[in-house]
Amino acid sequence: MHVGGESPPALRRAVRSGDGWIGMHDTPASVEAPLASLRNAAARHGRTRPLTTTVAAPPGEDVDVAGWLASGVDRVIVTPWARSRDAIPGMRRFAERIPARRAAS
């Protein structure tokens, strides 16, 4: 179970009760503070198992792939389109820009 929210109580709930944390509409830069707070909360609560982090990036084609790779989050949910009618072309353009990556086994 992923727990969402960026308030101190929400981050504490994620650490105490969740398998992971999910942030909404963050950027690689804006996610730094909640990730630091999660790490601090995990240390204070003696959490020993890893907390999976997932972020739903803001919608649109301007996805900072390099920034997300460097951000420290485990998963990023992207919506590379702004309107439903643009979904298929947006996904195709996104797929052409992003090299295929395999998950580590």
Side-chain angles (χ1 to χ4, degrees):
M1 174 177 68
H2 277 53
V3 177
E6 295 187 10
S7 68
L11 296 172
R12 285 192 301 271
R13 275 191 298 278
V15 167
R16 283 194 321 263
S17 305
D19 297 311
W21 171 79
I22 186 165
M24 298 298 292
H25 301 285
D26 273 299
T27 65
S30 71
V31 80
E32 290 178 18
L35 288 179
S37 294
L38 278 169
R39 286 189 293 271
N40 291 336
R44 282 193 309 276
H45 287 89
R47 184 178 178 121
T48 56
R49 61 188 164 91
L51 187 70
T52 302
T53 53
T54 302
V55 173
E61 289 191 40
D62 190 21
V63 177
D64 180 3
V65 175
W68 283 117
L69 287 170
S71 73
V73 299
D74 297 300
R75 292 185 197 109
V76 179
I77 300 167
V78 297
T79 310
W81 62 86
R83 295 182 306 256
S84 294
R85 69 175 181 223
D86 298 330
I88 300 298
M91 285 188 282
R92 284 188 179 123
R93 286 188 296 273
F94 182 74
E96 289 169 0
R97 286 184 31 226
I98 308 307
R101 292 186 48 146
R102 289 208 132 123
S105 302

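Any value given below was found using the heavy atoms of this structure, including those in side chains, with hydrogens, waters and symmetry copies removed.
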Using the side chain to side chain contact (heavy atoms under 4.5 Å, CB included) criterion, which residues pair with Arg85? Sequence neighbours excluded.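 Applying side chain to side chain contact (heavy atoms under 4.5 Å, CB included) to Arg85 gives Arg83.
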With sequence neighbours excluded, what pairs up with Ala56 under the side chain to side chain contact (heavy atoms under 4.5 Å, CB included) test?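 Here the qualifying residues are Met24, Ile77.
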For the student: nearest non-hydrogen atoms of [X] and [Y], plus distance:
X     : Y     : value
Ala57 : His25 : O-ND1, 4.0 Å
Val31 : Ser71 : CG1-CB, 4.2 Å
Trp81 : Asp86 : CB-O, 3.5 Å

Please tabulate, one pair per line, all N/O donor-acceptor pairs under 3.5 Å involving side-chain atoms of residues 1-15, not counting sequence neighbours.
| residue | atom | partner | partner atom | Å |
| --- | --- | --- | --- | --- |
| His2 | NE2 | Thr54 | OG1 | 3.2 |
| Ser7 | OG | Ala10 | N | 3.2 |

Residues in salt bridge (charged side-chain N to carboxylate O under 4.0 Å, His left out) with [X], at least two apart?
X     : value
Asp64 : none
Arg49 : Asp19
Arg44 : none
Asp74 : none

side-chain hydrogen bond (donor to acceptor under 3.5 Å, both in side chains) contacts in which one or both residues fall within residues 28-38, not counting sequence neighbours: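 Found Asp26-Ser30, Thr27-Ser30.
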Residues forming a side chain to side chain donor-acceptor pair (under 3.5 Å) with Arg92, sequence neighbours excluded: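 Arg92 satisfies side chain to side chain donor-acceptor pair (under 3.5 Å) with no residue once adjacent residues are dropped.
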Residue among Ile22, Val55, Thr52 satisfying side-chain contact (heavy atoms from CB on, under 4.5 Å) with Val73: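 Among Ile22, Val55, Thr52, the one meeting side-chain contact (heavy atoms from CB on, under 4.5 Å) with Val73 is Val55.
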